[in-house]
Amino acid sequence: AMQAFIWTPEMAATREAPQLGPSSCGATAVLNVLLALKWQPLPEENEVNKAVSVRLRKPDAPLPEYLLSRSVAGTDHCDLIAGVAKLTDGRVHGRFYPMHPWKELDLYGWIARWINAGAVPVATLNLQRGVPGGQDIPDAWHHQMIYGISKEGVFMTNPVATSSFDVFQQQLCSESVLLVRIADVVARYTDSDDFELLLGQRWAEMNTVLNIRQAICALRNGDYASVPSHIAVPARYRSGITIFVLRGSEANSQLELEEGLEGWPEQ
């Protein structure tokens, strides 16, 4: 049976590092990786936050700068890999496997094999996907250390919870897009906003500025039915799984073997 656990759910509840601060789910995942690998001495929380270089939202900035800060807030897989390397002097090594576009792969067997080999996986998930009808769309993406997998689902930390395969797969295979609540846009909008900052190619492809102007126009005209609940912006994050291994371990040789293989993952 497909089953692999680093911790039991009871152990996870007592051992996991809870969220280290705003936008710090990446730093929290890194600390949980080190806990799972029994790394000693464990770094202090502020050391972890510094090593992973967390980018914060700018809630008081003008709208263009605010949206830019939202599109990169927190961390991406590159930050996690660099942070872990820094905190362990290169003794723990990470490799990212992108899951969008979807790979035809026995994902759950693949995760179980890595855990059984002694590796620690971290999922980068778009929590804005797979939301049950009637529930609010969460406000962010999320990094979560995976401590186990069984036919019941994927067991993760921060928070300690189990995700169904269906929801996990939707969140794991997502375009790099973030939905920003319309209220957060409207609250900051002024007619003199200079959207020069948002002239990048992906912003243009997503029509972000045009969508904002149309939403504001609809609001002013009292055409509330045409006002979207969210505005989509490009996100720095990529959905996928980062595999962390201790250098010199069995899992490390397996990772190095895979690194010699052509193709996936494309960085």
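All values derive from a computational prediction rather than experimental measurement.
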Answer with yes or no whether the hydrophobic clustering places Val154 together with Trp102; edges join I, L, V, M, F, W, Y residues whose side-chain heavy atoms lie under 4.5 Å apart. yes
Contact check, side chains of Ile241 and Thr124, non-hydrogen atoms, under 4.5 Å: no
Counting only N and O atoms by type, is there a donor-acceptor contact under 3.5 Å from the side chain of Trp141 to the main-chain atoms of Val177? yes
Does the ring-ring contact (aromatic ring centres under 6.0 Å, His included) test come out yes or no for Tyr97 and Trp110, once each step is laid out? CA-CA 11 Å; Tyr97 291 84; Trp110 181 83; 5.0 Å; yes
Verify side chain to side chain contact (heavy atoms under 4.5 Å, CB included) between Tyr66 and Val180, making sure each step is shown before the conclusion. CA-CA 10 Å; Tyr66 168 75; Val180 177; 4.3 Å; yes
Check whether Ile182 and Tyr189 end up in the same hydrophobic cluster, where Ile, Leu, Val, Met, Phe, Trp and Tyr are linked by side-chain heavy atoms less than 4.5 Å apart. yes
Straight-line distance of Tyr147 OH to Met145 CE, nearest 0.5 Å: 9.0 Å
Should Arg236 and Asp79 count as side-chain neighbours, where that means a heavy-atom distance under 4.5 Å? yes
Leu87 and Val48: side chain to side chain contact (heavy atoms under 4.5 Å, CB included), yes or no, with the steps? CA-CA 7 Å; Leu87 290 163; Val48 178; 4.2 Å; yes
Near Glu44 CD, under 6.0 Å, is it more than 12 heavy atoms from other residues, nucleotides or ligands? no
Can you check whether Met156 reaches Ile146 side chain to side chain, under 4.5 Å on heavy atoms? yes
Any chain of hydrophobic side-chain contacts (each under 4.5 Å) joining Trp7 to Leu37? yes
Between CG on residue Leu42 and CG on residue Leu34, distance to nearest 0.5 Å: 6.0 Å
So which atom in Ser239 and which in Gln171 form the shortest heavy-atom distance, rounded to 0.1 Å? CB-O, 4.0 Å
Ile111 and Phe168, any side-chain heavy atoms less than 4.5 Å apart: yes
So, Tyr237 side chain and His77 main chain: donor-acceptor pair closer than 3.5 Å or not? no
Can you see whether Gln254 engages Glu250 through a side-chain donor-acceptor pair at a distance of less than 3.5 angstrom? no
Are Phe5 and Met11 close enough that some pair of their side-chain heavy atoms sits under 4.5 Å apart? no
Start with the C-alpha gap between Lys50 and Glu45, add the side-chain angles, then the distance that decides, and say whether side chain to side chain contact (heavy atoms under 4.5 Å, CB included) holds. CA-CA 9 Å; Lys50 216 162 77 192; Glu45 291 186 2; over 6 Å; no
Under 4.5 Å between side-chain heavy atoms, counting indirect links through other Ile/Leu/Val/Met/Phe/Trp/Tyr residues: same cluster for Val72 and Leu197 or not? no
Validation row: Met2, Ser150 side chains within 4.5 angstrom (heavy atoms): no
Is there a side-chain contact between Val84 and Trp39, using heavy atoms and a 4.5 Å cut-off? no
What distance do Leu179 atom CG and Asp184 atom CG have between them, rounded to the nearest 0.5 Å? 12.0 Å
Beyond-backbone contact of Trp114 with Leu255, side-chain heavy atoms, under 4.5 angstrom: yes
Carefully, step by step, assess Val245 and Val92 under the rule side chain to side chain contact (heavy atoms under 4.5 Å, CB included). CA-CA 6 Å; Val245 296; Val92 178; over 6 Å; no
Donor-acceptor pairs are to be reported for all side-chain atoms of residues 18-30 against protein atoms at under 3.5 Å, with residues two or more places apart or in another chain.
unit_1, atom_1, unit_2, atom_2, d
Gln19, OE1, Asn158, ND2, 2.9
Gln19, NE2, Gly21, O, 2.9
Ser24, OG, Pro22, O, 3.3
Ser24, OG, Asn49, OD1, 3.2
Thr28, OG1, Leu20, N, 3.0
Thr28, OG1, Ser24, O, 2.7

For Thr242 and Phe96, indicate whether the former's side chain and the latter's backbone hold a donor-acceptor pair under 3.5 Å. no
Give every residue pair that meets the side chain to side chain donor-acceptor pair (under 3.5 Å) criterion with at least one member in residues 210-227, sequence neighbours excluded. Asp191-Arg220, Asp223-Ser226
Would you call Asp193 and Arg188 a salt bridge, taking side-chain N to carboxylate O under 4.0 Å as the test? no
Gap separating the CZ atom of Phe155 from the CD1 atom of Ile115, nearest 0.5 angstrom: 10.5 Å
How long is the gap from CD1 on Ile216 to CG on Leu63, to the nearest 0.5 Å? 8.0 Å
As an exercise, state the distance from OH of Tyr108 to CZ of Phe165, rounded to the nearest 0.5 Å. 6.0 Å
Write down the atom of Val233, the atom of Ser71, and the distance for their closest heavy-atom approach. CG2-CB, 4.2 Å
Whether the side chain of Asp106 engages the backbone of Gly109 through a donor-acceptor N/O pair (distance < 3.5 Å, no angle test) should be reported. yes
For Leu127 and Ala140, the nearest pair of non-hydrogen atoms, with its separation, is CB-O, 3.5 Å
In terms of heavy-atom contacts, Pro138 and Val131 come closest through CD-CG2, 3.6 Å
Got a salt bridge between Asp139 and Arg70, using NZ or NE/NH1/NH2 to carboxylate O under 4.0 Å? yes
Please confirm whether the backbone N or O of Thr157 pairs with a side-chain atom of Gln144, one donor and one acceptor, at under 3.5 Å? yes
So, does Ser249 use its side chain to make a donor-acceptor pair with the main chain of Leu246 at under 3.5 Å? yes
May I ask you to decide if Asp76's main-chain N or O and Arg238's side chain share a donor-acceptor pair within less than 3.5 Å? no
His230 backbone acceptor or donor facing Arg181 side chain under 3.5 Å: no
Counting distance only, does the side-chain N/O of Lys103 pair as donor-acceptor with the main-chain N or O of Pro101 below 3.5 Å? yes
Of all the heavy-atom pairs spanning Ser174 and Asn126, show the shortest one and how long it is. OG-ND2, 2.9 Å
List the atom of Phe244, the atom of Gly94, and the distance in Å for their closest heavy-atom pair. CD2-CA, 3.6 Å
Taking Thr208 for the side chain and Ala204 for the main chain, is one N or O donor matched with an acceptor at less than 3.5 Å? no
Should the pair Glu175-Arg202 be classified as a salt bridge under the 4.0 Å nitrogen-to-oxygen rule? no
Would a single hydrophobic cluster contain both Leu198 and Met206, if residues Ile, Leu, Val, Met, Phe, Trp and Tyr are joined by side-chain heavy-atom contacts under 4.5 Å? no
